Number of protein chains: 2
Amino acid sequence: MAKAFGQPTDSNRLLSSLSPALRSLLEPHLHLTRFERQSVLQYPQETIGCVVFPVGCIGSMVAVGNDDRRIEVGLFGFEGMSGASVVMGVDTSPLEVFIQVAGDGYAIDTDVFRKLLRQHDELAAHFTRYIHCLNIQTTQTALSNGQAKLEERLARWLLMCHDRVPGDRISLTHEFLSVMLGVRRAGVTVGTHLLEGKGLIRAERGIISVLDREGLEKEARGSYGVAEKEYLRLFGKDRIER
Amino acid sequence: MAKAFGQPTDSNRLLSSLSPALRSLLEPHLHLTRFERQSVLQYPQETIGCVVFPVGCIGSMVAVGNDDRRIEVGLFGFEGMSGASVVMGVDTSPLEVFIQVAGDGYAIDTDVFRKLLRQHDELAAHFTRYIHCLNIQTTQTALSNGQAKLEERLARWLLMCHDRVPGDRISLTHEFLSVMLGVRRAGVTVGTHLLEGKGLIRAERGIISVLDREGLEKEARGSYGVAEKEYLRLFGKDRIER
DNA sequence: CCCTCTCCGTGCGATACTGTACCAAGGGGA
DNA sequence: TCCCCTTGGTACAGTATCGCACGGAGAGGG
């Protein structure tokens, strides 16, 4: 089975699925920017300075609690955007958003973006539908966190990441994964071995390669796929590219 | 410490915090209806027929997965509404929404509601801000499911329910709670004993009474409160009531 | 009053995952 | 080449929760 959103391209799918008229409203204000790993797009409860439409990078949204409790609640790449709260008409969020995989993205100033959203209902409606998909992703994360075993959550996460990255090699450490999933680093090691034992992935130092997507999806036992299907339903057919 | 949204009244706070002009747009279309326990407002992937603004009832949003996996991802009472997806411009959702505590609510036909949202930006913006709060609630649920112990999740849930119910007595069974939290029924029994042992609640057959809110909040270790604070920030001061 | 049904309390072994700790293997820089 | 730092593998005891199962207590109807 192929990646959920097709192969990543050098454009952002949320932008390219806009009608030309709407896209031309945004284009003058988009700045193609390189985002390095670990750079933070939003700090909890701080004003959101800009909104990012990734093309090559991947962003991660993390809920933070008391005493170092943190867990990833969602992630987005070339199919999505940061700054869900801005689309919702609010200028802060309790989430932390940071770059998990370095790459390019189109940035737009929050104030400019908000103004355009207010002036053009169709534009707002478009991004609002995306936020709907993102919300579904979060609900699936909640389900997964509550009911799935470590390997299942691991499989889900790898699939989501694989969808948003070119090729089959995902560059990450067990340590990083453990923070995202909110589990022990050693637990991730054991989990990857399990998936590797079934021939679904191959693990090298700092890299996990996806060998068998379909197998991973089976392994995820239904915790993967719902949000992706909804996205395809709503944004499936790109309007004329370029 | 008092309930997060103040005492429940015989009105819906989301409606009463609208400006009179906007409220008058909705009022002709609102039908005060009695909702019984267990009645379903939305089935997964089925068209959403109406949107409900509870006054006395409480609704529960549940994510459903493979083989009986289900878990509550959010809940709403007189401070909120059902049909988040409708506000987002989509007419289905993968969630199941049902009535958890019987009571009255204002129902409005989805098509009528959607039409009003499209025609009046301010109206849409108002409800969109609420959905933002609901999303935060879901992210906190994801955090809680992933990192909190049973008692903590239990404390969080009781607080959220307490906020939306008049008085301090919550009518529910361990069985029900176990389904909501996605844990064993027997686990809930043990958990309630633990909270009861600390003097935070009192459990009778089919009823849990909240004795010490502040204690419960401490027990929840930060998994309660974020979404509630955001709601108060955005909807804190009611506009002129009536 | 008894029967029945719902709800709650408890026990027991099994399992998933934790916290901690230590070591080994890659890999880049001096 | 040596060193050091990052990353990954493994172990072990401890804890949270599970699945299952059984018994008992409340409560309402006949």
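Below, chain A is the first sequence line, B the second, and so on; all start at residue 1. Small disclaimer: the values here were computed from a predicted structure and weren't measured.
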Checklist outcome for this item: Between A/A186 and A/K149, the residue closer to the 5' end of DNA chain C by nearest nucleotide is A/K149
Item to check | Chi angles and distances behind the side chain to side chain contact (heavy atoms under 4.5 Å, CB included) call for B/V101, B/R37 | outcome: CA-CA 6 Å; B/V101 172; B/R37 204 158 145 268; over 6 Å; no
Item to check | Interatomic distance, A/L154 CG vs C/dC17 P [rounded to whole Å] | outcome: 11 Å
Checklist entry - Between C/dC7 atom C1' and B/R184 atom CZ, what is the distance in whole Å? => result 16 Å
Item to check | Side-chain heavy atoms of A/L181 within contact of A/L154, under 4.5 Å | outcome: yes
Checklist entry - Is A/H174 near enough to D/dT6 that one of its side-chain N or O atoms lies under 4.0 angstrom from OP1 or OP2? => result no
Next on the checklist: Using a 4.0 Å heavy-atom cut-off, does B/G206 contact any base of the nucleic acid, only the sugar-phosphate backbone, or nothing at all?
Outcome noted: sugar-phosphate
Checklist entry - NA contact type, A/V188, heavy-atom cut-off 4.0 Å: base, sugar-phosphate, or nothing? => result nothing
Next on the checklist: When you measure only distances, ignoring hydrogens and angles, does the side chain of B/R205 come within 3.5 Å of the base of C/dG9 through a donor and an acceptor?
Outcome noted: no
Item to check | Donor-acceptor pair under 3.5 Å, B/R185 side chain vs C/dG9 base | outcome: yes
Checklist entry - Which is true for A/V190 with a 4.0 Å heavy-atom rule: it touches a base, it touches only sugar-phosphate, or it touches nothing? => result nothing
Checklist outcome for this item: Checking B/F5, B/F76, B/F78 against B/Y231 for ring pair (Phe, Tyr, Trp, His ring centres under 6.0 Å), the one that qualifies is B/F5
Checklist entry - To the nearest angstrom, how far is B/E175 atom CD from D/dG26 atom P? => result 20 Å
Checklist entry - Among the nucleotides D/dC18, D/dT10, C/dC7, which one has an atom lying closest to any side-chain atom of A/T189? => result D/dT10
Next on the checklist: Any side-chain N or O of B/H193 below 4.0 angstrom from OP1/OP2 of C/dT10?
Outcome noted: yes
Checklist entry - Take atom CZ in B/R202; do more than 12 heavy atoms of anything else shown fall under 6.0 Å from it? => result no
